[in-house]
**Student:** 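Dropping the structure in here first, questions after.
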Amino acid sequence: PGGDGLLHDAAAKLLAWDGNCAATSVPAAIFHVFHQRLLANLLRDELGDELLSAYTEILNQCIAPTDKIWRDEKSCWFATRPRKALVCQALSDACAQLRQTFGADCERWQWGKLHQLSLNHALGRLSILRPAISLGPMAAGGDGMTVNLGFYRHADPYSQTVGAALRYVIDFNDPEHSGYALASGQSGHPGSPHYGDQTPAWQSGAKIHISSYRRDPKDHCLVMKPC
């Protein structure tokens, strides 16, 4: 009974979802885990693990063909396993995975807890330096098919691997109110105070107005003026 209630709650959240993949979104987390299980349940028996992994690695290449299959209840793919049974099993698998990871309270199943981003410095290839100079992991919104790009590979769900390094908004009527945010900061030097100083703004979708900057003569970076 408890499990059935959880499944009903998850299904209700998916049906009411507006498609927003915000880091705080619960239905976004349910959807992405559910969809991954859906693809595996549909394709694994016929393709095998190796071909399944290759075909679904980049979601954009398999989404249109598999969506076409799911729309046709009489597709030959459902000859031995009814479509409804596969969908129910995928949702059950997704809920079990999320429950094991985050607990039985589905309000804690937030997308950003699964979908995380690490900004790695070039020197982070040295494992001894990586913890000290890498930024993150941090909660990230978006996915591979949203405006807020947050692409991840199915071989390493759900770590973000592609996204906007720079967001820049230009107001042509009032250029001084244009603004931007870098995923890290103006400086690539881990010892600089401007290394990673724009990450919170980048995460939240905020922009830093161009007019609020001055040039720092010490490290030749553009830095925010004190408010």
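When a residue number appears, it is its place in the shown sequence, counting from 1.
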**Student:** So do the side chains of Tyr152 and Leu114 get within less than 4.5 Å of each other, counting heavy atoms only?
**Tutor:** no

**Student:** Can you tell me how far apart CD (Glu57) and SG (Cys62) are? Round to the nearest 0.5 Å.
**Tutor:** 10.0 Å

**Student:** Using every non-hydrogen atom in the two residues, find where Glu176 and His209 come nearest and quote the distance to one decimal.
**Tutor:** O-CB, 4.5 Å

**Student:** Could I get the full list of salt bridge (Lys or Arg N to Asp or Glu O under 4.0 Å) partners for Asp49, not counting sequence neighbours?
**Tutor:** Arg44

**Student:** On a heavy-atom basis, which atom in Val26 and which in Lys13 lie closest, and how many Å separate them?
**Tutor:** CG1-CD, 3.8 Å

**Student:** Tell me the closest heavy-atom pair linking Ile208 and Gln198, and the distance in Å.
**Tutor:** CD1-CG, 3.7 Å

**Student:** Which ILVMFWY residues can you reach from Val169 by hopping between side chains whose heavy atoms are under 4.5 Å apart?
**Tutor:** none

**Student:** Please report the shortest heavy-atom distance between Ile170 and Ser178, naming the atom on each side.
**Tutor:** CA-OG, 3.3 Å

**Student:** Indicate yes or no: at least one non-hydrogen side-chain atom of Val33 is less than 4.5 angstrom from one of Tyr158.
**Tutor:** yes

**Student:** Can you confirm whether more than 12 heavy atoms, excluding those of Ile128, are under 6.0 Å from its CD1 atom?
**Tutor:** no

**Student:** Quick one: name the residues clustered hydrophobically with Val162, using the 4.5 Å side-chain heavy-atom rule over I, L, V, M, F, W, Y, and just say none if it's on its own.
**Tutor:** Ile58, Leu149, Phe151

**Student:** Under the salt bridge (Lys or Arg N to Asp or Glu O under 4.0 Å) test, which residues partner Arg108, sequence neighbours left out?
**Tutor:** none

**Student:** Using a 4.5 Å cut-off on heavy atoms from C-beta on, say whether the side chain of Lys113 contacts that of Thr101.
**Tutor:** no

**Student:** Salt bridge (Lys or Arg N to Asp or Glu O under 4.0 Å): which pairs involve residues 125-149, sequence neighbours left out?
**Tutor:** none

**Student:** Hey, could you give me the CG/OG1 distance between Asn20 and Thr146, rounded to the nearest 0.5 Å?
**Tutor:** 8.5 Å

**Student:** Quick test of your reading: applying side-chain hydrogen bond (donor to acceptor under 3.5 Å, both in side chains), list the pairs with at least one residue in residues 66-80, sequence neighbours left out, ordered by first then second residue.
**Tutor:** none

**Student:** Within a 6.0 Å radius of atom CD on Glu46, are there more than 12 heavy atoms belonging to other residues, nucleotides or ligands?
**Tutor:** yes

**Student:** Return the minimal non-hydrogen interatomic distance between Leu52 and Leu39, and the atom names on each side.
**Tutor:** CD1-O, 4.1 Å

**Student:** Would a 4.5 Å heavy-atom cut-off, applied to side chains only, mark His35 and Ile63 as touching?
**Tutor:** yes

**Student:** Identify, with sequence neighbours excluded, every residue that meets ring pair (Phe, Tyr, Trp, His ring centres under 6.0 Å) alongside His189.
**Tutor:** none

**Student:** Kindly list each side-chain donor-acceptor pair under 3.5 angstrom involving residues 86-95, sequence neighbours excluded, with atom names and distances?
**Tutor:**
unit_1 : atom_1 : unit_2 : atom_2 : d
Gln89  : NE2    : Asp93  : OD1    : 2.7

**Student:** Could you tell me if the side chain of Lys207 sits less than 4.5 Å from the side chain of Arg167, heavy atoms only?
**Tutor:** no

**Student:** Using the side-chain contact (heavy atoms from CB on, under 4.5 Å) criterion, which residues pair with Asn173? Sequence neighbours excluded.
**Tutor:** Asp171

**Student:** Using side-chain contact (heavy atoms from CB on, under 4.5 Å) as the criterion, list what pairs up with Ala28, not counting sequence neighbours.
**Tutor:** Trp17, Cys21, Ser25, Trp111

**Student:** To the nearest 0.5 Å, tell me how far Leu135 CG sits from Thr199 OG1.
**Tutor:** 5.0 Å

**Student:** Identify, with sequence neighbours excluded, every residue that meets side-chain contact (heavy atoms from CB on, under 4.5 Å) alongside Leu166.
**Tutor:** Tyr168, Tyr180, Leu182

**Student:** List for me each residue that meets side-chain contact (heavy atoms from CB on, under 4.5 Å) alongside Pro190, sequence neighbours excluded, and say none if there are none.
**Tutor:** His121, Ile133, Tyr195

**Student:** Counting C-beta onward and ignoring hydrogens, is there a side-chain heavy-atom pair between Cys106 and Leu98 closer than 4.5 Å?
**Tutor:** no

**Student:** As an exercise, state the distance from CH2 of Trp109 to CG of Asp9, rounded to the nearest 0.5 Å.
**Tutor:** 8.5 Å

**Student:** Which pair of heavy atoms, one from Ile69 and one from Phe78, lies closest together, and at what distance?
**Tutor:** O-CE1, 3.4 Å

**Student:** Heavy atoms, side chains only, cut-off 4.5 Å: are Gln203 and Met138 in contact?
**Tutor:** yes

